[in-house]
*Asks:* 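A single structure is presented below for examination.
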Amino acid sequence: MSYKQKKFIRNWYKDFVESDEDPFLANEHLMYLAMLAKATPQAVWEYISRKFLGSTTDGPAGNLPLAGGLRPLKHSKDTNSSSPGYSLAKANRHLSQQTLQLVEKYVSACQRRRAHSDGRRKKNDGPFTCTFGCGYRTGRAFDWRRHEETHEPQELWLCSLCPQNSEQNPFLVNRKDKFLKHVKEVHKGWNADDVLQTSRVDFQAKFDPVCPICQETTESWDDRCKHIIGHFEDDV
Ligand SMILES: [Zn+2]
Ligand SMILES: [Zn+2]
Ligand SMILES: [Zn+2]
């Protein structure tokens with residue numbers, strides 16, 4: 001990294017540590033900083049560890065400015081998002097406290113949405129039926145899946161460019177198209193795909209693996225959706 005990049009990282013990191021009583025450099029901060037500094041997250045992390053944490057190991061030791069330190073970038077495969085005992089907070093321990101709170105709020109609002117039915121649209125027919133019981137129906141598999149995800153979001157993006165403070169609501173959304181639209185409208189001049197990448201929340205979503213039609217167990221959300229679409233297509 002160049003002198004300029006290092007200086008930028010030092011300044012950013014000092015501000016970051018001072019801005020919070022309990023600073024926690026979560027993955028998304030690191031990704032964001034790496035994007036701003038035009039360096040790889042790995043290089044940024046190594047530099048911060050060396051400069052501020054007096055270590056070159058992969059994680060910070062005790063009594064350091066980082067409260068929890070950087071958690072591993074990848075969560076273990078055995079985080080079981082389909083188990084009946086799924087807890088959003090537990091499955092997403094690797095997120096920063098602030099992000100976790102936003103995610104919990106967002107996801108529970110989505111899960112509550114089924115109460116006020118959005119199935120009362122004028123054109124509400126087709127073989128693809130909402131499995132969350134809101135009455136929505138559609139003729140297009142793509143729309144059906146997108147609808148299912150309004151009840152149980154699977155992917156989330158938290159805009160890394162929007163200031164996250166009490167005066168302005170952070171921009172958090174579960175649809176890629178809406179996120180890209182936000183960047184193009186609000187952050188002109190930024191590369192939307194870069195921002196998409198740095199804003200992606202490493203979110204472990206919940207999903208019910210049991211097919212509501214044949215009770216077969218599916219492996220993943222993607223698998224579940226394809227499986228259920230198969231039933232609806234059989235009905236056509
Ligand atoms: Zn629905
Ligand atoms: Zn934004
Ligand atoms: Zn089935």
Side-chain angles (χ1 to χ4, degrees), residues 28-29 31-33 35-36 82 98-99 102-103 106-201 205-236:
E28 58 263 41
H29 296 130
M31 301 290 278
Y32 177 47
L33 175 56
M35 178 184 78
L36 294 176
S82 63
Q98 201 189 10
T99 303
L102 290 170
V103 167
Y106 184 90
V107 172
S108 62
C110 290
Q111 289 167 341
R112 270 200 307 274
R113 197 175 295 163
R114 86 183 73 170
H116 9 154
S117 167
D118 55 348
R120 309 238 182 281
R121 304 172 317 152
K122 270 189 191 133
K123 194 176 168 293
N124 194 47
D125 55 42
F128 301 95
T129 312
C130 172
T131 65
F132 293 87
C134 79
Y136 171 92
R137 300 179 74 100
T138 175
R140 289 174 53 188
F142 177 83
D143 291 339
W144 172 81
R145 179 168 173 158
R146 196 156 80 176
H147 174 85
E148 293 281 291
E149 290 172 7
T150 63
H151 292 291
E152 199 68 86
Q154 297 293 309
E155 280 192 294
L156 295 172
W157 289 272
L158 176 62
C159 183
S160 56
L161 296 178
C162 278
Q164 284 169 35
N165 54 41
S166 46
E167 286 125 58
Q168 197 179 330
N169 284 334
F171 185 78
L172 178 67
V173 76
N174 74 313
R175 273 176 54 177
K176 196 189 270 185
D177 57 326
K178 284 192 180 167
F179 186 83
L180 291 171
K181 189 165 170 262
H182 165 81
V183 176
K184 279 169 195 154
E185 284 173 4
V186 183
H187 309 293
K188 290 194 176 73
W190 287 84
N191 179 317
D193 288 320
D194 285 350
V195 184
L196 181 83
Q197 233 184 356
T198 56
S199 300
R200 189 171 189 282
V201 179
K206 180 186 178 184
F207 95 99
D208 181 356
V210 180
C211 169
I213 298 167
C214 74
Q215 268 71 49
E216 201 176 292
T217 304
T218 57
E219 293 292 319
S220 63
W221 177 258
D222 194 48
D223 194 30
R224 171 196 188 271
C225 290
K226 284 179 184 151
H227 172 97
I228 297 174
I229 286 170
H231 285 297
F232 294 141
E233 281 174 343
D234 287 347
D235 291 345
V236 181

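Indexing begins at 1, ligand by ligand and atom by atom, following the structure's order.
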*Asks:* To the nearest 10 degrees, could you say what angle the Zn ion (ligand 1) makes with NE2 of His147 and SG of Cys130?
*Replies:*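 Vertex the Zn ion (ligand 1), arms to NE2 of His147 and SG of Cys130: 110°.
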*Asks:* To check your reading of the site, what angle at the Zn ion (ligand 1) do SG of Cys134 and NE2 of His151 form, to 10°?
*Replies:*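 The two atoms form an angle at the metal of about 120°.
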*Asks:* If the Zn ion (ligand 2) is the vertex, what is the angle to SG of Cys159 and NE2 of His187, rounded to 10 degrees?
*Replies:*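 My answer is 100°, to the nearest 10°.
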*Asks:* Measuring from the Zn ion (ligand 3), name the closest N, O or S atom belonging to His231.
*Replies:*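 The nearest such atom is NE2.
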*Asks:* If we count only N and O atoms by modelled type, under 3.5 Å, do the side chains of Trp221 and Glu148 hold a donor and an acceptor together?
*Replies:*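 Result is no, nothing qualifies.
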*Asks:* Checking side-chain polar atoms at under 3.5 Å, does Arg146 have a donor or acceptor matched by the opposite partner on Thr138?
*Replies:*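 No donor-acceptor contact under 3.5 Å links the two side chains.
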*Asks:* Kindly report the SG-the Zn ion (ligand 3)-SG angle for Cys214 and Cys211 respectively, rounded to 10°.
*Replies:*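 Cys214 SG and Cys211 SG form an angle of 120° at the Zn ion (ligand 3).
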*Asks:* Where does the angle between the aromatic ring planes of Phe128 and Trp144 fall among parallel (under 30°), tilted (30 to 60°) and perpendicular (over 60°)?
*Replies:*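 Judged by the thresholds at 30° and 60°, the geometry between Phe128 and Trp144 is tilted.
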*Asks:* Should the ring pair His182 and Phe179 be called parallel, tilted or perpendicular, given that the plane angle runs from 0 to 90° and is split at 30 and 60?
*Replies:*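 Taking Phe179 first and then His182, their aromatic rings sit tilted (interplane angle of 30° to 60°).
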*Asks:* Considering just N/O/S atoms, say which atom of His227 is closest to the Zn ion (ligand 3).
*Replies:*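 Restricting His227 to its N, O and S atoms, the minimum distance to the Zn ion (ligand 3) goes to NE2.
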*Asks:* May I ask you to decide whether Lys226 forms a salt bridge with Asp222, counting only side-chain N to carboxylate O separations under 4.0 Å?
*Replies:*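 So Lys226 pairs with Asp222 through a salt bridge.
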